[in-house]
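In the text below, chain A, chain B and the rest are named by the order of the sequence lines, each starting its count at 1.
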Number of protein chains: 2
Amino acid sequence: MVDQDWTFAPRIYVENTRGRDPAYEVTTEGVTRNLQSICQPAELSCHFADTRNLDALRRADILIAGRLPTAVIAEHAKNLKIIQCTSAGVESYIPFDWLGPNTTLTNASGVHASKVGAFGLMAALMLHEGVPHVATNQRQHVWKRQLRGPCAGRRVLIYGVGAIGGAVAEQLRLAGFRTIGIRRRGAPHPAVERMTTPDRLHEELAQADILILACPLTAETRGLIGAREIAALPSGAGLLNISRSAVLDTSALVSALVKGHLSGAILDVFATEPLPSDDALWDVPNLMVFPHVSADDPDGYIDRCLAILADNLLRARSALPLRNAIDPERGY
Amino acid sequence: MVDQDWTFAPRIYVENTRGRDPAYEVTTEGVTRNLQSICQPAELSCHFADTRNLDALRRADILIAGRLPTAVIAEHAKNLKIIQCTSAGVESYIPFDWLGPNTTLTNASGVHASKVGAFGLMAALMLHEGVPHVATNQRQHVWKRQLRGPCAGRRVLIYGVGAIGGAVAEQLRLAGFRTIGIRRRGAPHPAVERMTTPDRLHEELAQADILILACPLTAETRGLIGAREIAALPSGAGLLNISRSAVLDTSALVSALVKGHLSGAILDVFATEPLPSDDALWDVPNLMVFPHVSADDPDGYIDRCLAILADNLLRARSALPLRNAIDPERGY
């Protein structure tokens, strides 16, 4: 046998996060059920950070975790071949200097596709229909009709067309929206009518009815959308952020909403979550606050994450490149 | 020539309603443009109720109007062949005893399809996602995550599958919802998985995740959904009313929302419109108030109404039954 041997009887260590919805807990039953056709774990133990078992972690070939204890991994878990992160965003672990040369970090990209596609479509329809304005009017008991036509032909600019942006684009196309995408290398996507690159951002903003932020948070996307970019959007445009809060300059957004340059915005991500009850964002006109739910489908979530791991065990056994592997240089 | 003669040179009288969006004004230019390939009006004059020209109305073959001055029509407009109403709902003109035996009343059913389809889809996605609850939480600065899966497979019961209910069903099917319909005679519709009849209402309510009211207001549908019907819906169901307010017992709805039996409701129609600023509905938890916009697409609205009239002139010329003709017995 070659050194892919470990894939037949891996030592698996799971670290769960306290206080999350039980649907997100990785259990021995869940791991066993999802991997039983692929391997027979030599060791399998599930813990929380406060019940960490360093001996088991030291022996582990595979770590499955929502939040990565990077310092602990760097110091103790030197045997890891795969770290399967159960979230899609790994921006909080940049730079990846804690990652050993023989360890591949894989994320949960793709497990959110079905849910986030429907959420993105809903949000785009809401921005088109001016629902954030309707909700603001309701708070003030104001009846004000602003008639909107059908959504067909409205132009939606999607910044970041990965698994999430792509899933949203697919739903938007079905509903008749026009889709324009921006991704790093401009690679085409079947649900995006026209794909372009980040250097064309300002020209594209000027033609967008709705801007959707769906990119990972990296050095390049931090602070991407500020006052100048918002000003470049046509008057009356709408904005949805399902990416990360730091991609967008929130105070510039608030100012554009208060001045009426944007017709509405829907935010699902915030600098501090939960958003504190005294945060001024709750009352900003024409802004809707969602409690970070756009991509969360508890039903089968962990199974979908473990399906990525199962696939990667087969790939490792055949010495093939792993799916969902994070590129430490690129940052996602 | 036979007595379809009038269709080549009709006398057309238009009565517009003051205070409406200019997009809904029927102008001589609009009538001319839409009918010029069909006929050469012998007379064409556009008025408001307060500038009514009774002489012209007496001579008219065709009346185009948003609100019908039924007493005036009964007394003076005895020459009318067609009354083209520019709204879809004609419930306020029941009983139709003011309508002469040689006059056909036609409505605007169908002109709302594209817009209302997108609105219905948006509202169904919002109810599925719990947006009325999210908006209520926002008013109170409450961050509360309630995770929902994808909408695929959720069951939407549509009461009334005419032009509006059918257009909504089409969009829902594209997005993966399951569609169940109730219509008077149970005639199938391509976007409705299973169609049934009003006598099956209670059984169907018990299986619905979302109830959409899209029927005309008639003697049979007045008060259709009361406390018993709402109680028959599963706990956590959502409700959308894009029909008429009187179809639904509003106080029963409010009670179900306050008690938490329904997860949310979206109302686009009210007993009094505009909804008075001191109405208690504005502040009901998990209720979203829309200012009667679900079917209104100003862009091309009047053109679409006039296209019905143009088609009917051709049909009258060939002595064919008219499109969109109201059946006085049925009430729509």
Side-chain angles (χ1 to χ4, degrees), chain A residues 21 23-24 113-119 121-126 128-132 134-152 171 174-177 270 273-279 281-283 287-294 296-301, chain B residues 21 23-24 113-119 121-126 128-132 134-152 171 174-177 270 273-279 281-283 287-294 296-301:
Chain A
D21 188 306
Y24 294 103
S114 167
K115 170 62 197 292
V116 81
F119 187 95
L121 171 60
M122 175 189 81
L125 289 166
M126 287 170 67
H128 170 64
E129 184 64 37
V131 175
V134 170
T136 299
N137 284 340
Q138 181 171 352
R139 291 182 224 161
Q140 297 158 359
H141 297 198
V142 169
W143 178 280
K144 189 169 151 204
R145 300 180 79 217
Q146 288 195 324
L147 304 179
R148 310 287 178 118
C151 58
Q171 293 298 314
L174 279 178
F177 284 102
F270 300 88
E273 294 182 7
L275 187 66
S277 64
D278 61 352
D279 197 295
L281 281 181
W282 292 108
D283 297 319
L287 174 69
M288 288 190 83
V289 170
F290 278 76
H292 203 144
V293 293
S294 61
D296 280 288
D297 173 14
D299 193 19
Y301 184 95
Chain B
D21 188 305
Y24 294 102
S114 166
K115 170 62 198 293
V116 81
F119 187 95
L121 171 60
M122 176 189 81
L125 289 166
M126 287 171 66
H128 170 64
E129 184 63 37
V131 175
V134 170
T136 298
N137 284 340
Q138 181 172 352
R139 291 183 225 159
Q140 297 158 358
H141 297 196
V142 169
W143 177 280
K144 188 169 150 203
R145 300 179 80 217
Q146 288 195 325
L147 304 179
R148 309 287 179 118
C151 58
Q171 293 298 313
L174 279 178
F177 283 101
F270 301 88
E273 296 182 6
L275 187 66
S277 63
D278 61 353
D279 198 293
L281 281 180
W282 291 108
D283 297 318
L287 175 69
M288 289 188 83
V289 170
F290 278 76
H292 205 143
V293 293
S294 61
D296 280 289
D297 173 14
D299 193 20
Y301 184 95

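- Put simply, of A:Q171, A:K144, A:H292, the one with the most heavy-atom pairs under 4.5 Å next to chain B is A:H292.
- B:Y301 does not touch chain A: none of its heavy atoms, backbone or side chain, sits under 4.5 Å away.
- Atom CZ of residue A:F290 and atom CZ of residue B:R145 lie 13.0 Å apart, to the nearest 0.5 angstrom.
- Atom CG of A:D283 sits in a crowded spot, with more than 12 heavy atoms from other residues, nucleotides or ligands closer than 6.0 Å.
- Two residues are said to be in side-chain contact when any heavy atoms from C-beta on lie closer than 4.5 Å; A:V131 and B:V131 fail this criterion.
- Scanning all heavy atoms of the two residues, the minimum distance from B:L275 to A:W143 falls at N-CE3, 3.3 Å.
- If you measure heavy-atom distances from A:F177 to chain B, you find no contacts under 4.5 Å at all.
- The two atoms that bring B:Q138 and A:V289 nearest to each other are OE1-N, 3.0 Å, heavy atoms only.
- Between A:W282 and B:H141, the angle of the ring planes stays under 30°, which puts this pair in the parallel group of the 30/60° scheme.
- Neither the backbone nor the side chain of A:H128 comes within contact range of chain B, judged by heavy atoms closer than 4.5 Å.
- With a 4.5 angstrom heavy-atom cutoff, B:D296 touches chain A via backbone and side-chain atoms both.
- Of all the heavy atoms in B:V134 and A:P291, the pair that sits closest is CG1-CD, 4.2 Å.
- Ranked by heavy-atom pairs under 4.5 Å with chain A, the list B:A118, B:P298, B:G117 is led by B:P298.
- When B:V116, B:L147, B:L174 are compared by the number of non-hydrogen pairs under 4.5 Å with chain A, B:L147 comes out ahead.
- Within 6.0 Å of the CG atom in B:D21, the count of heavy atoms belonging to other residues, nucleotides or ligands exceeds 12.
- The two residues B:G149 and A:K115 make their nearest non-hydrogen contact at O-CD, 3.5 Å.
- Proximity to chain A (any heavy atom under 4.5 Å) is restricted, for B:V142, to the backbone atoms N, CA, C and O.
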Verdict with supporting geometry, A:V293 and B:R148, side-chain contact (heavy atoms from CB on, under 4.5 Å): CA-CA 8 Å; A:V293 293; B:R148 309 287 179 118; over 6 Å; no
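- Across every non-hydrogen atom of A:M122 and B:L125, the tightest pair is SD-O, 3.5 Å.
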